[in-house]
Structures are given as C-alpha cells and as structure tokens.
Amino acid sequence: IARLIACRDAEPYRPAMTFRASKLEPWQLEAARRLAKLVNESGLRQEHFAEKLGAASTGQISQMLTGKRPISIVHAAKFASALGCRVDDF
C-alpha cells in the first residue's frame with residue numbers, strides 16, 4: 001500500500017515520443033513541397049487539415065508540409081479529399 005501511495009504522488013507517466021525524425025527521401029520532400037503549395041493555394045488553415053486528418057496538432061501538419069515528417073498514404077488520401085484533388089497531384 002505504501003508503494004501505491006508513493007506512486008500516486010509521483011509525476012505522471014509520459015511515454016517517449018514514438019516518432020523518430022529521419023531524413024526523408026528526395027521524392028518525399030518533393031511531394032511535401034507540392035502538397036504545401038496546394039494547401040497554400042487553397043486558402044484553408046492548418047487547423048482545418050488537423051481536424052480532417054485526425055492529427056493531434058497543427059504542428060504535425062506543419063511537419064508534414066515542411067518535409068520533417070513523412071506523409072503516410074492515409075494522410076495523403078485525407079489531404080487529397082480535403083483539397084478536392086487526387087493524391088497523384090502531389
């Protein structure tokens with residue numbers, strides 16, 4: 001019981017980030033650049049895309065658009081749907 005009381009007063013558990021940034025391939029960077037251009041031309045805000053993609057924050061959207069985070073096929077499909085275009089367009 002003493003151990004449970006001590007655990008209760010301890011700092012809450014914070015899992016380590018599971019995403020590890022790695023250098024993206026040139027084709028991934030080019031796709032991110034083209035997608036960022038489409039997003040900018042759409043006039044929609046990053047909050048809109050964060051909501052549509054189920055992203056935790058606009059920071060994740062920003063990382064995808066700047067080539068710091070890879071764009072998964074699921075996210076690519078959701079971006080395309082939100083932009084009214086095809087995945088092939090970026």
Side-chain angles (χ1 to χ4, degrees):
I1 292 180
R3 192 182 318 180
L4 291 175
I5 293 171
C7 288
R8 183 191 68 199
D9 296 332
E11 287 290 317
Y13 172 72
R14 291 190 179 98
M17 288 183 55
T18 56
F19 173 74
R20 298 267 188 249
S22 61
K23 189 169 183 171
L24 299 182
E25 297 292 326
W27 65 269
Q28 291 172 306
L29 294 172
E30 181 61 23
R33 186 192 64 74
R34 288 193 306 262
L35 178 57
K37 182 179 178 190
L38 289 170
V39 167
N40 287 336
E41 289 172 356
S42 76
L44 298 172
R45 299 175 53 93
Q46 286 187 4
E47 290 86 2
H48 171 80
F49 293 103
E51 182 180 311
K52 290 279 188 186
L53 274 65
S57 69
T58 57
Q60 289 179 350
I61 302 300
S62 177
Q63 289 173 349
M64 285 186 247
L65 297 178
T66 58
K68 294 178 182 167
R69 176 185 289 262
I71 303 166
S72 72
I73 190 66
V74 172
H75 284 137
K78 289 181 180 181
F79 266 115
S81 176
L83 289 166
C85 67
R86 299 174 312 156
V87 173
D88 293 346
D89 293 340
F90 55 89

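For the atom pair CG (L24) and CZ (R69), the distance works out to 10.5 Å, reported to the nearest 0.5 Å. A distance of 10.5 Å separates CZ of R34 from NZ of K37, quoted to the nearest 0.5 Å. Summarising the geometry, atom NE2 belonging to H75 is positioned 11.5 Å from atom CD1 belonging to I73; distances are rounded to the nearest 0.5 Å. Interatomic distance, L38 CG to L35 CG, rounded to the nearest 0.5 Å: 6.5 Å. Rounded to the nearest 0.5 angstrom, L65 CG and F90 CZ are separated by 10.0 Å. The CZ atom of R45 sits 13.5 Å away from atom CD1 of I61, with the distance rounded to the nearest 0.5 Å.
The backbone N or O of V39 lies less than 3.5 Å from a partner atom in the side chain of S42, making a donor-acceptor pair. Put simply, the side chain of T66 gets close to the backbone of S62: a donor and an acceptor are under 3.5 Å apart.
Other residues, nucleotides and ligands contribute over 12 non-hydrogen atoms within 6.0 Å of the CD atom of E47.
F79 has its side chain within reach of M64: a pair of non-hydrogen atoms, C-beta onward, lies under 4.5 Å apart.
The nearest pair of heavy atoms linking R86 to A80 is C-CB, 3.9 Å.
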